[in-house]
> 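Before I ask anything, here is the structure I am working with.
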Amino acid sequence: MIIFRKKDELQAFALKTKRAGKTIGMVPTMGYLHAGHLSLIDAARKRADVVVVSIFVNPTQFGPNEDLDRYPRDFERDSQLCAEHHVDVIFAPEPGEMYAPDASTRVEETKLSGPLCGASRPGFYRGVTTVVSKLFHLAQPDFACFGLKDAQQCFVIERMVRDLDFPIEIVPCPLVRDADGLALSSRNRYLSADERSRALSIHRALLAGREELERHGVGDLAGLAGRAKQAIAAAGGRVDYVEALDRADLRPPTEKTQWVLLAAAAFFGATRLIDNELVQVKK
Ligand code: AMP
């Protein structure tokens, strides 16, 4: 396994690999790897000749009052896990290597980035699409794996790749949960034992919403979201949003809607958690 810290090293490696006729699969991450990340790496490993994992806590996607400084980092452990999962290349640049001090170009998706996390975290998706564009130019992947834990992010990247003609296939991968249902996240490590058990209410509320949608369709989405919010608040969570949107355009569902993204974000203590269920609508 090779570790690159410099952009030009990765790009030269990628060009050489492509010229040799090999395929590259990429998994962009912010590190502090868990089984969710590893499932993406395993999916990439199955299909690509060469697997590149990036580990970069991207400052431009964090707001001024967010957790950039305390975001968990453990490069030794991450690189051991990558080696165990047969990763070929880790790309782990410093922020100063990634961005020129006077960088003045951004990539922005303007529709799917609007609701949900886009509404609560201004500038977040612009930071994500900009850094992912840069990573794609550096690693030249044939495909890249993204987790449906961050479903909106995955859809925004799919749209960006389509709109800007990146020759890259986006591979959405299933959300991985702990045995008790909590969606795996690097941020779960911030939770106390008590907060963690109360945070299970998010998934429970989404499952109740899923059942309602499967039984009754999209007739009472405001009621459904209200009940989910109440359940999370009753467990001590501070709800950011619970929304049911059409998976295709992240707008309110209509009679034509086939899949609903039922998504929630809530704080337990100072920790903001997100989760979702993708539900096929009863017709
Ligand atoms: P992050 O390190 O949080 O930026 O996540 C890097 C990638 O891992 C993104 O594509 C995430 O959607 C994915 N990911 C994070 N948590 C999970 C999970 N619990 N299940 C599946 N994919 C995940």
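Atoms within each ligand, like the ligands themselves, are counted from 1 in listed order. Because only heavy atoms are used, hydrogens play no part in the values below, and waters and symmetry mates are left out as well, while side chains stay in. We're numbering straight along the sequence, starting at 1.
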> Please determine whether side-chain hydrogen bond (donor to acceptor under 3.5 Å, both in side chains) holds for the pair Glu195 and Tyr190, giving the CA-CA distance in whole Å, both sets of side-chain angles, and the decisive distance to 0.1 Å.
CA-CA 9 Å; Glu195 286 165 350; Tyr190 300 146; over 6 Å; no
> Do Asp142 and Lys18 sit within salt-bridge range, that is, some charged N less than 4.0 Å from a carboxylate O?
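So Asp142 pairs with Lys18 through a salt bridge.
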> At under 4.0 Å between heavy atoms, which part of His34 makes contact with ligand 1: side chain, backbone, both or neither?
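Within the 4.0 Å criterion, His34 contacts ligand 1 through side-chain atoms alone.
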> What are the atoms of ligand 1, with element, lying closer than 4.0 Å to any heavy atom of Leu175?
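Per the distance check, 20 (N), 21 (C).
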> Looking only at protein heavy atoms, identify the closest one to atom 20 (N) of ligand 1 and say how far it is in Å.
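Of every protein heavy atom, Val176 N, 2.8 Å lies nearest to atom 20 (N) of ligand 1.
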> Provide, to 0.1 Å, the distance between atom 4 (O) of ligand 1 and the closest protein heavy atom, together with that atom's residue and name.
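For atom 4 (O) of ligand 1, the nearest protein heavy atom is Met30 CG, 3.5 Å.
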> At what distance is the nearest protein heavy atom to atom 18 (C) of ligand 1, and which residue and atom is it?
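Sorting protein heavy atoms by distance from atom 18 (C) of ligand 1 puts Lys149 CB, 3.6 Å first.
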> Relative to the heavy atoms of Leu40, which atoms of ligand 1 are at a distance of less than 4.0 Å?
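With Leu40 as reference, the close atoms of ligand 1 come out as 7 (C), 8 (O), 10 (O), 13 (C), 22 (N).
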> Select the closest option to atom 21 (C) of ligand 1 among Cys173, Ala144, Gly31, Pro174, judged by heavy-atom distance.
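When every heavy atom of Cys173, Ala144, Gly31, Pro174 is considered, Pro174 comes closest to atom 21 (C) of ligand 1.
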> Starting from atom 5 (O) of ligand 1, locate the nearest protein heavy atom and write down its residue, its atom name and how far away it is, to 0.1 Å.
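The protein heavy atom lying closest is His37 NE2, 3.5 Å.
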> Suppose I only count heavy atoms of Leu184 and a 4.0 Å limit; which atoms of ligand 1 are within that range?
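Near Leu184, meaning under 4.0 Å from one of its heavy atoms, ligand 1 has 16 (N), 17 (C), 18 (C), 19 (N).
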> With sequence neighbours excluded, tell me which residues meet side-chain hydrogen bond (donor to acceptor under 3.5 Å, both in side chains) with Asp163.
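Scan of Asp163 (side-chain hydrogen bond (donor to acceptor under 3.5 Å, both in side chains), adjacent residues dropped) gives none.
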> Report, in ascending order of atom number, the atoms of ligand 1 lying under 4.0 Å from any heavy atom of Phe146.
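It comes down to these atoms of ligand 1: 10 (O).
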> Any carboxylate oxygen within less than 4.0 angstrom of a Lys/Arg side-chain nitrogen, looking at Asp220 and Arg227?
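A salt bridge is present here (some side-chain N lies under 4.0 Å from a carboxylate O).
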> Determine, for Asp67 against Arg272, whether the closest basic-nitrogen to carboxylate-oxygen distance falls under 4.0 angstrom.
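Here Asp67 does not pair with Arg272 in a salt bridge, since their nearest N and O are not under 4.0 Å apart.
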> Return the closest protein heavy atom for atom 12 (O) of ligand 1 as residue, atom name and distance.
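Scanning the protein heavy atoms, the shortest distance from atom 12 (O) of ligand 1 goes to Asp150 OD2, 2.6 Å.
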> Scan for side chain to side chain donor-acceptor pair (under 3.5 Å) pairs involving residues 254-266, sequence neighbours excluded, and state none if there are none.
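Listed once each, the pairs are Asp246-Thr257.
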> To which of Pro28, Ala183, Gly147 does the heavy atom nearest atom 6 (C) of ligand 1 belong?
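Minimum heavy-atom distance to atom 6 (C) of ligand 1 goes to Pro28.
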> Could you check whether Asn188 and Tyr32, counting side-chain N and O atoms only, form a donor-acceptor pair closer than 3.5 Å?
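No.
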> Are Arg210 and Glu214 close enough for a salt bridge, meaning some N to O gap below 4.0 Å?
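Salt bridge between Arg210 and Glu214, a charged N being under 4.0 Å from a carboxylate O: yes.
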